[in-house]
Amino acid sequence: GGHFPMRARVTVVAGRTTDVVLREPTGAKIVVTVVDPRGLPCPSARIDVQARQGDAVFDVTDGVMRVDDFTDERGRRTFARVRPGKARLVVTWRGHLARTTIDAADGETKDVHVVVR
């Protein structure tokens, strides 16, 4: 697996002890469906999830990390843990390309429909 960045804002006061608790975001679950212009599923489409800073995806379920980025026979691919915030999806399939931006909240499940042209 991996870890999403954690941060906290703390005010330090002389002579005082301050506890700081960091919580790693759970991440969002993203379900991507890729179709062609006729609405037919695009199996084996490659989906690249890109974040501005650091890794966008730690796709770990039950301690197992999935390493392929391809849709199944229904044109679907689920990413178990996507970094909260904005991310860009770049989808390629048989020489076709589509790009879209998502904004996912921590703990959210988001369905994304992508049409490649």
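Excluded from the calculations below are hydrogen atoms, water molecules and symmetry mates; all remaining heavy atoms, backbone and side chain alike, are included.
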Using a 3.5 Å distance criterion without hydrogens, assess whether the side chain of T71 forms a donor-acceptor pair with backbone atoms of S44. yes
Please identify which of these residues, V31, D68, I30, meets the side-chain contact (heavy atoms from CB on, under 4.5 Å) condition with R77. D68
Under 4.5 Å side-chain linkage, directly or through intermediates, the cluster mates of V90: L97
Quick one: side chain to side chain donor-acceptor pair (under 3.5 Å) pairs with a partner in residues 107-117, sequence neighbours left out? E108-K110
Quick check on the hydrophobic clustering: are V13 and V10 connected, directly or via other members, by side-chain heavy-atom contacts under 4.5 Å? no
Least distance between heavy atoms, A45 atom then V91 atom: CB-CG1, 4.2 Å
Measure across P84 and A105 and return the closest heavy-atom pair with its distance rounded to 0.1 Å. CB-C, 4.4 Å
Linking I/L/V/M/F/W/Y whenever their side-chain heavy atoms sit closer than 4.5 Å, directly or via other members, would V116 and I47 fall into one cluster? yes
Closest non-hydrogen atom pair between A104 and A28, with its separation: CB-CB, 3.5 Å
Filter on side chain to side chain donor-acceptor pair (under 3.5 Å), then keep only pairs touching residues 85-107, sequence neighbours left out; what's left? R23-D106
Counting C-beta onward and ignoring hydrogens, is there a side-chain heavy-atom pair between V32 and L89 closer than 4.5 Å? yes
Hydrophobic cluster membership, with links at side-chain heavy-atom distances under 4.5 Å among I/L/V/M/F/W/Y: are V114 and I102 in one? yes
Stepwise side chain to side chain contact (heavy atoms under 4.5 Å, CB included) test for K29 and V82: CA-CA 6 Å; K29 180 178 180 179; V82 176; over 6 Å; no
